[in-house]
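Each ligand, and each atom within it, is numbered from 1 in the order the structure gives. Heavy-atom basis, side chains included; hydrogens, waters and symmetry copies ignored.
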Amino acid sequence: MSSLNTPNMPLLELKSVSKTFGEVRALSGLDMSIAPGELITVVGPSGCGKSTLFNIVAGLEEPDYGGALHFEGRSCHAFELLGRVSFMPQRDLLLPWRTVIDNAILAIEVEGMPRAQARAMALKMLPEFGLAGFENQYPHQLSGGMRQRVALMRTFMFKRDLMLLDEPFGALDALTRTMMQRWLLDVWQKHRRTILFITHDVDEALFLGDRVLAMSARPGKIKLELPVSLPRPRRPELLTDPEFIRLKRILLEAIEEESMKSFQATEARALGA
Ligand code: ADP
Ligand code: MG
C-alpha cells in the first residue's frame with residue numbers, strides 16, 4: 001500500500017493512452033500523472049472521453065495497444081488497477097433493497113469483511129458523512145445529496161491507494177453541489193487520500209483541485225494542465241477571488257474552444273445526414 005517509496009514518484013502515470021470503440025476514437029495519446037495525496041480534477045466537454053479515461057484508470061477497460069500505464073513506477077495492465085483503486089461511477093448504484101448502512105459497507109463486505117464488523121465501522125463514520133441517524137433508511141427515503149454521500153462513504157470505506165470519482169455531484173442542484181464540494185474537501189483533508197475527480201464544471205474543477213487537467217474534444221487528450229495554487233482550506237469566497245477568476249478565464253478559453261469543435265462536428269454530421 002505504501003506509495004512513498006521515492007519522494008515525487010507518481011502514484012499513477014498514463015503515457016500516450018488511446019482508446020477506440022469501433023469507429024469512435026474516444027481517447028488519443030493521453031498523458032497524465034497523479035502524485036500521492038493529490039486531488040486532481042479533469043474537466044472537459046461532454047463526450048470528450050472523461051468516463052472512458054475513468055474506466056481505464058478504474059481497471060474496467062483496457063487501453064489500445066501502444067499506450068502505457070505505470071502504477072507506483074511499475075508498468076501494468078488496466079485490469080491490475082482493479083484492486084488498487086476505489087471508484088464511484090457516474091450513477092450512484094445504491095441497491096434499493098439495502099439500508100444506508102448496508103449500502104455503505106457493500107464493497108468491504110463483498111471483499112470479505114464480516115457484516116457485523118463492517119457495520120460497526122460504518123456506524124462510526126456516519127456522522128462525518130452527514131448521515132447520522134439515517135443508517136436504517138432506504139435509498140428512496142433520501143435526498144439526492146444524501147444518496148451521493150452514501151455512495152461516497154462506500155468508496156471511502158473501500159480503502160485503496162487511489163479514489164476515482166466520475167461527476168459525483170453532476171445531478172445535484174447548485175446549492176447542494178456547493179455544500180458537497182466543501183464537505184468532500186473536509187473529508188479529503190482528514191483522510192489524506194489521492195483523488196482523481198472528473199467533472200464538466202469549471203468552477204468545481206478549480207475549487208477542488210491541486211491541478212486541473214482540461215481535456216480536448218474527442219478524441220480526448222490533455223490539452224492544458226493548470227496548477228491551482230489557491231490556499232487551502234478553500235472557502236466559498238474563493239469563487240470571486242481575482243486569482244480564481246484569472247484561472248477560470250484560462251480554463252474556460254481552453255474548454256470553449258473544444259466545446260465549439262465538438263458542437264461544430266455534431267452540426268456538420270446533422271447537416272450531412
Ligand atoms: P464523457 O464521459 O466525456 O461524456 P465518454 O467517455 O462517456 O465521454 O464517451 C466518449 C466517446 O466514446 C463517446 O462518443 C461515446 O459514445 C464513446 N463510447 C464510450 N464508451 C463506449 C463503449 N463502451 N462503446 C462504444 N462507444 C463508447
Ligand atoms: Mg461521462
Let me check something: any side-chain donor-acceptor pairs from residues 51-58 under 3.5 Å, sequence neighbours excluded? List them with distances.
residue: S51; atom: OG; partner: Q90; partner atom: OE1; Å: 3.1
residue: S51; atom: OG; partner: D166; partner atom: OD2; Å: 2.7
residue: N55; atom: ND2; partner: S51; partner atom: O; Å: 3.4

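With sequence neighbours left out, R25 forms a side-chain contact (heavy atoms from CB on, under 4.5 Å) with T20, S28, P219. Partners of H70 by ring pair (Phe, Tyr, Trp, His ring centres under 6.0 Å), not counting sequence neighbours: none found.
The Mg ion (ligand 2) has an N, O or S atom of S51 closer than 2.8 Å.
Using cut-offs of 30° and 60° for the angle between ring planes, the H191 and F129 rings count as tilted.
Ion pairing between a basic and an acidic side chain is recognised when a charged N comes within 4.0 Å of a carboxylate O; D241 and R246 show no such pairing. Ion pair E80/R74 not flagged as a salt bridge, since none of the NZ, NE, NH1 or NH2 atoms sits closer than 4.0 Å to an Asp/Glu carboxylate oxygen.
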Give every pair made of an N or O atom of ligand 1 and a protein N or O atom lying under 3.5 Å apart, one pair per line with both atom names and the distance to 0.1 Å, or write 'none'.
residue: ligand 1; atom: 2 (O); partner: S51; partner atom: N; Å: 2.9
residue: ligand 1; atom: 2 (O); partner: S51; partner atom: OG; Å: 3.0
residue: ligand 1; atom: 3 (O); partner: G47; partner atom: N; Å: 3.4
residue: ligand 1; atom: 3 (O); partner: C48; partner atom: N; Å: 3.2
residue: ligand 1; atom: 3 (O); partner: G49; partner atom: N; Å: 3.1
residue: ligand 1; atom: 3 (O); partner: K50; partner atom: N; Å: 2.8
residue: ligand 1; atom: 3 (O); partner: K50; partner atom: NZ; Å: 3.0
residue: ligand 1; atom: 4 (O); partner: G47; partner atom: N; Å: 2.7
residue: ligand 1; atom: 6 (O); partner: S51; partner atom: N; Å: 3.3
residue: ligand 1; atom: 6 (O); partner: T52; partner atom: N; Å: 2.9
residue: ligand 1; atom: 6 (O); partner: T52; partner atom: OG1; Å: 2.6
residue: ligand 1; atom: 8 (O); partner: G49; partner atom: N; Å: 3.2
residue: ligand 1; atom: 14 (O); partner: R218; partner atom: NH1; Å: 2.8

